[in-house]
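To start, the structure under review is shown below, and the notes come after it.
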Amino acid sequence: MRTTSMDHAALIAELLSRTLAEAPFSLTRTPDSLVKALAVPKDPKMGDHAFPCFVLAKDLKKAPPAIAQELVVALTDSIEESPALTSVEAAGPYLNFRVDAASQAADLIPSILCGDFTARRPSTETRVMIEYSQPNTHKAFHVGHTRNVSLGDSLVRICEWAGHDVVAANYIGDEGAHIARCLWFYRNFFDGELPTENRGEFLGGLYSRATELLDFKTLTACPHLGVVTARVDSIVKHPSHDGWAVVEVHDGTSAHQVVCGGKGYAVGDIVGYATVGSHVGGRLVGHADKDGVASEGMIVSEKEISLSDDAEQIQVFAAATDLGLEIAELMRTDALAAGTSVLATMKERSDGVAEILKAIESGDPEITAQWMETRDWSLRDFDEIYRWLDARFDHVFYESEVGEEGKDIVLEFLDKGVLERSDGAVGARLEAHGLPFFLLLRSNGTGLYSTKDIALAKRKFEEFKIDRSVYVVDVRQSLHFQQVFKTLELMGYEKAKDCFHLAYGFVLLPEGEMSSRTGNVILFSQLQSSLVNKIRADFVDSQDWPDEEKAAAARAIAIATIKYGMLKQDNVKNIVFDLTEWTNQQGNTGPYLMYQYTRTRSIRRKLEEMKLLDGVDSVVRDWSLLSLDQEQAVQKIIADFPSIVQRAADEYQPKLLCNYLYDLAKTLSRMYKPSNVKDASTPELRFTRLDLFEAAGTVMRSGLELLGIHTIERM
RNA sequence: GCGCUCGUAGCUCAGUGGAUAGAGUACCGGACUUCGAAUCCGUGGGUCGCAGGUUCGAAUCCUGCCGAGCGCGCCA
């Protein structure tokens with residue numbers, strides 16, 4: 001029978017429950033509720049489990065310290081009869097219990113050494129799909145993406161350990177506008193030679209260059225269409241709204257009446273005027289009724305045309321400026337040759353991309369062939385990355401396979417009245433559920449990201465028969481997934497309530513946010529080589545090992561570095577990826593944990609070398625010899641392993657396991673000096689200590705495996 | 001404007017209802033004829049953003065405010 005600290009807590013709760021039921025207490029408290037109340041004493045010297053008596057004060061109408069005193073007396077007999085517990089003491093309002101360390105060790109350590117203790121729990125018969133990674137083809141895979149992979153892969157392992165039937169799924173973005181952009185650049189501007197490896201990363205480079213060319217902001221300080229120069233002809237106060245003015249402007253061809261809330265302009269000034277139909281600040285400009293006054297178009301502030309952060313100040317142009325000029329042209333940068341129109345250039349470029357997108361959608365044979373070929377380059381890169389990181393996928397979904405299905409589902413539920421039309425588009429009206437309108441079909445009938453998510457979810461429910469669905473996706477998409485899950489619920493999918501968006505924060509660099517435009521980005525291949533190089537220099541190169549072992553060790557430590565760094569922090573918080581700090585051999589890092597594990601391995605090696613292993617299989621262990629504080633501390637921690645992993649699985653939080661393993665490593669390293677194995681005075685003591693070290697090592701290795709980190713034997 | 005998230009030591013972070021709030025890092029000091037000093041030990045460092053509330057008890061739960069980040073129909 002395996003004994004864990006959870007069992008001790010249950011035992012104590014059981015005793016308490018029975019004692020409280022009798023006189024003089026006569027209180028009903030279920031063992032379950034008492035387990036929850038149990039705490040850990042502040043100082044291990046005080047005991048192993050604590051019961052705060054405050055919770056009984058009201059019902060017993062007594063002061064907590066008095067209750068503690070009475071309970072000690074009442075509990076003494078049953079504690080004496082119980083071999084697992086040695087004592088109970090009152091300490092103020094607390095009741096402190098001590099477990100019998102030797103009897104705990106007798107159960108715990110052999111159970112760890114035979115593998116039972118850290119093994120997977122019995123099946124829960126629950127099928128959980130964990131969807132993670134979701135890279136886009138034709139885009140670069142960078143450090144940020146490894147956070148997702150580390151998280152997803154670790155959750156797969158942890159949930160599997162907890163007994164769930166886990167389906168690890170990927171969902172690859174292999175269609176959409178980003179591919180058209182990439183191919184547009186490739187076909188029209190690229191004239192170099194194709195690289196022989198990392199072609200996916202190469203495509204990502206083309207994509208960013210395309211994005212740059214398509215970025216209106218690089219050509220003009222005013223990246224808006226339809227914002228033109230106009231002359232202010234008159235200004236009168238708005239009849240009912242203070243601070244607003246009714247303004248008459250003329251754009252050279254016609255006059256318009258517009259209500260304006262800004263300041264800093266006068267009659268005769270030339271201002272920026274957004275015409276009806278233009279987009280400013282993400283909103284469509286049109287006709288409006290401003291407190292009873294008709295307003296057509298809008299006069300733009302400095303902020304609205306990206307000149308400053310001032311949303312009040314109206315931009316005024318030189319008096320000599322012609323009327324009706326596009327401000328985008330007027331405020332052009334020198335990125336474009338003089339004489340070339342900004343607007344015409346932008347139109348030409350975006351038309352080029354649109355043409356490719358259309359060709360892809362209509363199945364043009366030449367473009368389709370190129371799409372498929374380049375798609376394959378990316379997929380091959382991804383495979384290599386996953387293989388290196390040792391991330392597992394049981395099923396891969398592709399966006400390209402759910403698009404059509406998504407549209408059909410949306411139309412079906414539009415017919416059923418679950419979805420509605422709005423401005424020609426189709427979506428879910430979720431206002432009654434506290435969420436904004438959820439667009440599912442464009443007014444031109446084409447689908448969106450959201451459309452595909454509906455079809456994808458349906459497949460997960462129906463084809464994979466899953467009980468729970470976890471989406472490992474960055475925190476910016478929180479609202480999106482709330483909308484997806486709510487829409488699925490309205491469509492009648494019962495499993496919608498078992499969908500969970502596991503949101504995580506960004507990966508930042510010491511220099512700030514990653515941006516491919518400013519070059520502040522670390523691509524995966526760069527990450528891999530700088531990591532491996534640094535680790536070789538810091539830990540491996542100086543060793544006298546075979547080349548093969550050196551290479552394996554460098555990779556293992558590199559993976560420990562990156563995965564542990566990505567997992568140790570709270571899911572939703574941003575992480576700063578700092579190579580120097582993460583490879584630090586001291587402190588809370590992957591290499592430190594790996595090192596502590598290898599130290600447990602070197603003990604047996606040393607004994608072997610000194611021929612001190614005779615009788616290791618036959619000498620009977622005496623667990624009461626593990627009496628040092630440092631030994632007790634390690635024993636106590638390793639007993640907690642199952643409950644920690646269980647919690648990590650329930651809460652989808654690998655960081656709980658990280659904190660636990662760091663605590664174990666720290667406690668373990670304090671044990672080396674005092675609990676010396678090779679100098680132990682008797683074989684009994686030597687092998688008893690050896691077992692404790694090996695048990696701690698086994699727990700460490702098992703925990704690291706659940707984080708996706710494989711240990712090595714020496715470093 | 002509305003919504004979500006975060007705010008703990010100089011810095012990076014644990015701790016999410018229990019006893020005197022902890023690590024790492026940086027600074028300073030100590031411990032090696034090592035089962036690996038790639039380590040360990042010690043000193044200093046705190047209005048837990050602010051203000052109320054709930055509770056025997058709040059860094060933790062609730063409300064308001066301040067600050068930062070992210071998101072908010074035809075992008076993914």
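The chains referred to below are lettered A, B, ... by the order of the sequence lines, with proteins before strands, and numbering in each begins at 1. Because only heavy atoms are used, hydrogens play no part in the values below, and waters and symmetry mates are left out as well, while side chains stay in. None of these values were measured; they are calculated from a predicted model.
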Under 4.0 angstrom, heavy atoms only, what part of the nucleic acid is A/Gln543 near: base, sugar-phosphate, or nothing?
base

Sequence-aligned protein contact record of nucleotides 24-35 of chain B, with B where the base is within under 4.0 Å of a protein heavy atom and S where only the sugar-phosphate is:
SS---------B

How would you label the contact of A/Ser422 with the nucleic acid (heavy atoms, under 4.0 Å): base, sugar-phosphate, or nothing?
base

Using a heavy-atom cut-off of under 4.0 Å over every strand shown, decide if A/Tyr592 touches base, sugar-phosphate, or nothing.
sugar-phosphate

Please state how far atom CG in A/Leu479 lies from atom C1' in B/C4, giving the value in whole angstrom units.
8 Å

Looking across every strand, which nucleic acid part, if any, lies under 4.0 Å from A/Ala425 by heavy atom: base, sugar-phosphate, or nothing?
base

For A/Gly173 and A/Glu431, find the nucleotide of RNA chain B closest to each by heavy atoms; which residue's nucleotide sits nearer the 5' end?
A/Glu431

Indicate, with a heavy-atom threshold strictly under 4.0 Å, whether A/Asn574 touches base, sugar-phosphate, or nothing.
sugar-phosphate

OP1 or OP2 of B/C74 under 4.0 Å from side-chain N/O of A/Ser443:
no

Paired to B/G44 by Watson-Crick or G-U wobble criteria (both distances under 3.5 Å) is none

Would you call the rings of A/Tyr672 and A/Phe693 parallel, tilted or perpendicular, where under 30° means parallel and over 60° means perpendicular?
tilted

Determine, step by step, whether A/His501 and A/Phe485 satisfy the ring pair (Phe, Tyr, Trp, His ring centres under 6.0 Å) criterion, reporting the C-alpha distance in whole Å, the side-chain angles of both residues, the deciding distance to 0.1 Å, and the verdict.
CA-CA 9 Å; A/His501 171 214; A/Phe485 301 157; 7.4 Å; no

Determine whether the aromatic ring centres of residues A/Phe97 and A/Phe51 are separated by less than 6.0 angstrom.
no

Could you tell me how far apart A/Lys61 (NZ) and B/C56 (P) are, to the nearest whole angstrom?
14 Å

Is the shortest distance from a Lys or Arg side-chain nitrogen in A/Asp59 or A/Arg29 to a carboxylate oxygen in the other one below 4.0 Å?
yes

When rounded to the nearest 0.5 angstrom, what distance separates CD in A/Gln653 from CZ in A/Arg647?
7.0 Å

Extract all donor-acceptor atom pairs below 3.5 Å that involve side chains of residues 137-144 of chain A and protein atoms in other chains or at least two apart in sequence.
from: A/Thr137; atom 1: OG1; to: A/Gly173; atom 2: O; distance (Å): 3.4
from: A/His138; atom 1: NE2; to: A/Thr374; atom 2: OG1; distance (Å): 2.8
from: A/His142; atom 1: ND1; to: A/Gly144; atom 2: N; distance (Å): 3.0

Tell me if the aromatic rings of A/Phe481 and A/Tyr471 count as close, with their centers under 6.0 Å from one another.
yes

NA contact type, A/Lys58, heavy-atom cut-off 4.0 Å: base, sugar-phosphate, or nothing?
sugar-phosphate

A/Ser669, nearest nucleotide to its side chain (from B/G73, B/U39, B/C6):
B/U39

Protein-nucleotides 15-21 of chain B N/O pairs closer than 3.5 Å?
from: B/G15; atom 1: OP1; to: A/Lys655; atom 2: NZ; distance (Å): 3.3
from: B/G15; atom 1: OP2; to: A/Lys655; atom 2: NZ; distance (Å): 3.1
from: B/G18; atom 1: O2'; to: A/Tyr94; atom 2: OH; distance (Å): 2.3
from: B/A19; atom 1: N6; to: A/Asn96; atom 2: OD1; distance (Å): 2.9

Separation of atom NE2 in A/His480 from atom C1' in B/C70, rounded to whole Å
16 Å

Tell me what A/Gln477 touches on the nucleic acid: a base, only sugar-phosphate, or nothing, going by heavy atoms under 4.0 Å.
base

